[in-house]
Amino acid sequence: MASTEQDRRPKYQRIADALREAIQSGEYGPGERLPGENDLMTTYGVARMTARQALSVLRDEGIAEARKGAGVFVREYRPLRRRGIQRLARRQWGDGRSVWSADVEDRTLEVDRITVSEETAPDRVRTALDLAGEETVCVRRRRFVLDGKPVLLATSYLPASLVAGSAITREDTGQGGTYARLAELGHEPVHFREEIRSRMPSKDEATELGMSAGTPVILVCRTAFTDAGRPVEINEMTLDAASYILEYDFDA
């Protein structure tokens, strides 16, 4: 029965299945070129459109990527392992290290774009930070690049009155970053909450992150709280899903 159902599937799906199995078995490794449209037409005796659809399936699944003028290649996948608990430990930023250093190991992660401004808080941020009246926020926008590839967009919101005059309002916050500076101001984060969801990227997000078609983004919204329960930062992050593994390691 299963074989009959498989045979009834459109030819382009069967070709895509065969290519996917070849990739998973290691016949085609990361970065290697897949058979082109002409190759598939000859091998499977199909029309060009059918061959094109088969390759499109793999691209839409994020397994393969097209390179202009060169063909379709197996996507190279060396994900950044985001250690959701260890990276926020006080020993991390409290010792002057960036929270990102818990993720990158021996790889190069840099911020290639950063802006800092004072703005009116969006309603969702005003509510989350429990801001009163017309209180403004310090907004820090960054793009993170791993091994030359954009992987993350991050926007942090902090009460402007809380961080006025501190290094948080400058592009370079110094060793330990924003959380170390908050601690110096007497507002040390001791508790974090992260909400995670996923969707397809907007056109601007796909462009900013240089994403291939068919790849979703992971949205992480983190709120940092002081010991008194006051929220002092909202960080909204957009991650290229093909570049990350989210790891949470904790005791029962």
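Everything numeric in this text was worked out from a predicted model, so none of it was measured.
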Quick one: are L131 and P159 in side-chain contact, heavy atoms under 4.5 Å?
yes

Just checking D112: does its CG atom have more than 12 heavy atoms from other residues, nucleotides or ligands closer to it than 6.0 angstrom?
yes

Short side-chain donor-acceptor distance under 3.5 Å, E233 and T178
no

Work out which heavy atom in V46 is nearest to a heavy atom in L40; give both atom names and the distance.
CG2-O, 3.9 Å

Grab the two heavy atoms, one from G36 and one from L55, that are nearest each other, plus how far apart they are.
C-CD1, 4.4 Å

Test of understanding: clusters of I, L, V, M, F, W, Y form through side-chain heavy atoms closer than 4.5 Å, transitively. Do F225 and M237 belong to the same one?
no

Do the non-hydrogen side-chain atoms of V137 and L158 ever get within less than 4.5 Å of each other?
no

Heavy-atom pair of closest approach, residues C221 and I234:
SG-CG2, 3.9 Å

Is there a donor-acceptor contact under 3.5 Å from the side chain of E205 to the main chain of S202?
yes

Stepwise side chain to side chain contact (heavy atoms under 4.5 Å, CB included) test for V220 and L239
CA-CA 8 Å; V220 180; L239 290 64; 4.0 Å; yes

Heavy-atom distance under 4.5 Å between the side chains of H187 and L162, does that happen here?
yes

In a check of side chain to side chain contact (heavy atoms under 4.5 Å, CB included) between Y244 and each of L152, L146, V217, which one passes?
L152

When rounded to the nearest 0.5 Å, the distance separating CZ of R141 from CZ of R113 is 13.5 Å

Does any donor atom in the side chain of E119 or Y157 lie under 3.5 Å from an acceptor atom in the other side chain?
no

Can L182 and I168 be said to form a side chain to side chain contact (heavy atoms under 4.5 Å, CB included), step by step?
CA-CA 8 Å; L182 283 171; I168 293 173; 3.9 Å; yes

CG-CD distance between L219 and E194, expressed to the nearest 0.5 angstrom:
12.5 Å

With side chain to side chain contact (heavy atoms under 4.5 Å, CB included) as the criterion, how do I15 and T50 come out once you've worked through the C-alpha distance, each side chain's angles and the decisive distance to 0.1 Å?
CA-CA 9 Å; I15 296 171; T50 301; 4.2 Å; yes

So which heavy atom on C138 is nearest to which on V163, and how close?
CB-CG2, 3.8 Å

Ring centroid separation for Y44 and Y12, is it under 6.0 angstrom?
no

How many angstroms lie between NZ in K203 and CE in M211, if you round to the nearest 0.5 Å?
15.5 Å

If every non-hydrogen atom of R143 is compared with every non-hydrogen atom of E208, which pair is closest and at what distance?
NH1-O, 2.7 Å

What's the shortest heavy-atom distance between N38 and R48, and which atoms?
OD1-NH2, 2.7 Å

Using the rule given for salt bridge (Lys or Arg N to Asp or Glu O under 4.0 Å), can you reason through R20 versus D17, listing the C-alpha separation, both sets of side-chain angles and the distance that settles it, and then say yes or no?
CA-CA 5 Å; R20 189 186 303 104; D17 289 345; 2.8 Å; yes

T169 side, atom OG1; R140 side, atom CZ - distance, nearest 0.5 Å
8.5 Å

Any Lys/Arg nitrogen of R67 or E65 sitting under 4.0 Å from an Asp/Glu carboxylate oxygen of the other?
yes

To the nearest 0.5 Å, what is the distance between CE (M49) and CD (E37)?
8.5 Å

Donor-acceptor pair, side chain of R33 and main chain of Y28, under 3.5 angstrom:
no

To the nearest 0.5 Å, what is the distance between CG (L19) and CD (Q24)?
11.0 Å

Does any part of the side chain of S166, heavy atoms only, come nearer than 4.5 Å to the side chain of L185, both counted from C-beta?
yes

Distance-only check: which donor-acceptor pairs under 3.5 Å involve side-chain atoms of residues 120-129, not counting sequence neighbours?
residue: R124; atom: NE; partner: E236; partner atom: OE2; Å: 2.7
residue: R124; atom: NH2; partner: E236; partner atom: OE1; Å: 2.8
residue: R126; atom: NH1; partner: G133; partner atom: O; Å: 2.6
residue: T127; atom: OG1; partner: D123; partner atom: O; Å: 3.0

Intermediate values then yes/no, side-chain hydrogen bond (donor to acceptor under 3.5 Å, both in side chains), S156 and R142:
CA-CA 9 Å; S156 295; R142 293 92 70 206; 3.0 Å; yes

Let me see the working for D240 and K149 under salt bridge (Lys or Arg N to Asp or Glu O under 4.0 Å), right down to the final yes or no.
CA-CA 10 Å; D240 175 0; K149 164 72 170 64; 2.9 Å; yes

Indicate whether the side chain of T215 and that of R75 have a donor and an acceptor atom separated by less than 3.5 Å.
yes

Under the side chain to side chain contact (heavy atoms under 4.5 Å, CB included) criterion, do I23 and L34 qualify, and how do the steps go?
CA-CA 9 Å; I23 293 170; L34 291 171; 4.0 Å; yes

R59 versus V72: any side-chain heavy-atom pair under 4.5 Å?
yes

Got T155 and V139 here, is their nearest side-chain heavy-atom distance under 4.5 Å?
yes

Can you find a pair of side-chain heavy atoms, one from V151 and one from V145, that are under 4.5 Å apart?
no

